[in-house]
Amino acid sequence: MTASIEIPGRIDLQTGHGGLRYAALRCNGAEAHVYLYGAHVLHYQPANQAPVLWQSQLSLFEPGKPIRGGIPLCWPWFGPHPSDSTQPGHGIARLTEWKPGSSKATESATEITLRFPGSPVVDAALELTVILSDTLTVTMTTRNGGSAAIPVSSAMHTYFAVSDIHEVSVTGLENSRYIDMLLPGQPVLTQPGAITFTAQTERRYIGTEQTCTIVDPGLNRRIVIEKAGSRSTVVWNPWIEKAAAMPDFGNEEYLETVCVETANCGPDTLTLAPGATHAMTARIRAEAL
Ligand code: TA6
């Protein structure tokens with residue numbers, strides 16, 4: 001079945017870290033790698049540019065463990081399970097081997113769709129579509145296959161590669177409201193200007209459909225993240241102590257990445273009616289400053 005998604009010169013299946021299979025997408029000098037485990041986009045490199053996504057040198061590639069870096073898919077819940085502490089943080093999608101669906105290649109784009117194989121934990125279907133062109137477009141499509149409405153919180157928990165966290169800023173969320181997850185009582189605050197980083201940062205911006213931009217003077221580039229079907233954006237950097245406490249995150253690696261996550265979480269959690277479908281899309285591009 002997996003052989004059917006291969007397109008000579010555009011999509012081929014390879015064996016990567018930990019012996020895990022991934023689809024290598026190519027298009028006009030750009031490339032992307034999509035692991036079947038977690039339907040995890042781990043690598044994206046536009047033509048003649050540096051990689052846009054970051055991956056930890058200590059990432060595990062083991063069943064039951066999330067890959068650290070790229071675009072982990074958090075679904076059908078974001079963060080801890082709402083009521084069952086025995087369930088894994090950020091849901092089950094990123095911890096599951098997905099099935100190849102369809103693929104196609106045109107002059108300007110290479111596209112692949114993967115399908116979540118299903119789970120007794122949730123009566124819903126999930127597909128991921130990745131389109132590589134002069135941008136990277138990633139869409140999670142959820143369909144409620146049951147007879148009852150279901151809550152769905154989710155994220156494309158994207159780790160972007162930056163030159164130095166001290167030097168970058170994130171624009172686009174000015175005057176947006178956010179939940180500061182690190183302050184007592186997790187207050188709702190308002191973002192006064194561009195986001196800069198001087199300590200551990202974990203903010204859930206809510207009720208926003210804004211395009212975000214990571215401005216990186218060190219790499220002389222900006223990374224633009226447009227979105228659709230998402231009303232939350234999570235901005236996260238673990239900083240020194242939290243990075244040191246994570247076995248799959250190098251002690252100094254907090255310097256070289258920032259997460260800008262396309263999400264629906266907290267008050268933006270969806271309620272999906274029986275038979276209803278919801279699509280959430282992130283479109284990523286990098287350009288010179
Ligand atoms: O998006 C931020 C966050 O929710 C943080 O709380 C931190 O836990 C991060 O996700 C990474 O979570 P993970 O389960 O991938 O280690």
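Among residues two or more places apart in sequence or in another chain, the side chain to side chain donor-acceptor pair (under 3.5 Å) test is passed with Thr96 by none. Here Gln14 pairs with Asp12, Tyr22 under the side chain to side chain donor-acceptor pair (under 3.5 Å) rule; sequence neighbours left out. Qualifying side-chain contact (heavy atoms from CB on, under 4.5 Å) partners for Ala149, counting only residues two or more places apart in sequence or in other chains: Thr271, Pro274. Remark: Glu127 pairs with Arg115 by the side chain to side chain donor-acceptor pair (under 3.5 Å) rule, at least two apart or across chains. By the side-chain contact (heavy atoms from CB on, under 4.5 Å) test, Pro76 pairs with Ile92, Val122, sequence neighbours left out. Evaluation of the side chain to side chain donor-acceptor pair (under 3.5 Å) rule for Ser154 yields no partner, not counting sequence neighbours.
The stretch residues 207-225 participates, sequence neighbours left out, in these side chain to side chain donor-acceptor pair (under 3.5 Å) pairs: Ser163-Asp216, Glu209-Arg231, Arg222-Glu287. The list of side chain to side chain donor-acceptor pair (under 3.5 Å) pairs with a residue in residues 234-251, not counting sequence neighbours, reads Arg68-Asp248.
Leu173 is connected to Val162 through a chain of hydrophobic side-chain contacts under 4.5 Å among Ile, Leu, Val, Met, Phe, Trp and Tyr, so both are in one cluster. Both Leu132 and Val138 sit in one connected hydrophobic cluster of ILVMFWY residues. Membership requires side-chain heavy atoms under 4.5 Å apart, directly or through other members.
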Could you walk me through whether Val258 and Phe197 satisfy the side chain to side chain contact (heavy atoms under 4.5 Å, CB included) test, starting with their C-alpha distance in whole Å, then the side-chain angles of each, then the deciding distance to 0.1 Å, before giving a yes or no? CA-CA 9 Å; Val258 64; Phe197 301 88; 3.6 Å; yes
Would Ile225 and Thr262 satisfy side chain to side chain contact (heavy atoms under 4.5 Å, CB included), going step by step from the backbone distance to the final call? CA-CA 8 Å; Ile225 306 115; Thr262 303; 3.9 Å; yes
Please assess Val34 against Leu25 for the test side chain to side chain contact (heavy atoms under 4.5 Å, CB included), listing each intermediate value before the final yes or no. CA-CA 8 Å; Val34 186; Leu25 279 60; 4.2 Å; yes
Between Gln55 and Thr257, is a side chain to side chain contact (heavy atoms under 4.5 Å, CB included) present by the stated rule, with each step listed? CA-CA 9 Å; Gln55 50 183 284; Thr257 187; over 6 Å; no
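Hydrophobic cluster membership for Phe78: Val234 (Ile, Leu, Val, Met, Phe, Trp, Tyr linked by side-chain heavy atoms under 4.5 Å, directly or transitively). When hydrophobic residues (I, L, V, M, F, W, Y) are linked wherever their side-chain heavy atoms come within less than 4.5 Å, the members clustered with Ile206 are Ile179, Met181, Val188. Think of Val215 as one node in a network of Ile, Leu, Val, Met, Phe, Trp and Tyr side chains linked at under 4.5 Å; its network also takes in Leu289.
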Per-pair distances, 0.1 Å, donor-acceptor, side chain in residues 43-53, under 3.5 Å, sequence neighbours excluded:
{"unit_1": "His43", "atom_1": "NE2", "unit_2": "Glu31", "atom_2": "OE2", "d": "2.8"}
{"unit_1": "Gln45", "atom_1": "NE2", "unit_2": "Gln49", "atom_2": "O", "d": "2.7"}
{"unit_1": "Gln49", "atom_1": "NE2", "unit_2": "Ala286", "atom_2": "O", "d": "3.3"}

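Rounded to the nearest 0.5 Å, atoms CD (Glu111) and CD1 (Ile7) are 9.5 Å apart. In this structure, Glu174 CD and Gln191 CD are separated by 7.0 Å, a value rounded to the nearest 0.5 Å.
A donor and an acceptor atom, one from each side chain of Thr129 and Thr113, are located under 3.5 Å apart.
Separation of the Tyr35 and His33 ring centroids does not fall under the 6.0 Å cut-off.
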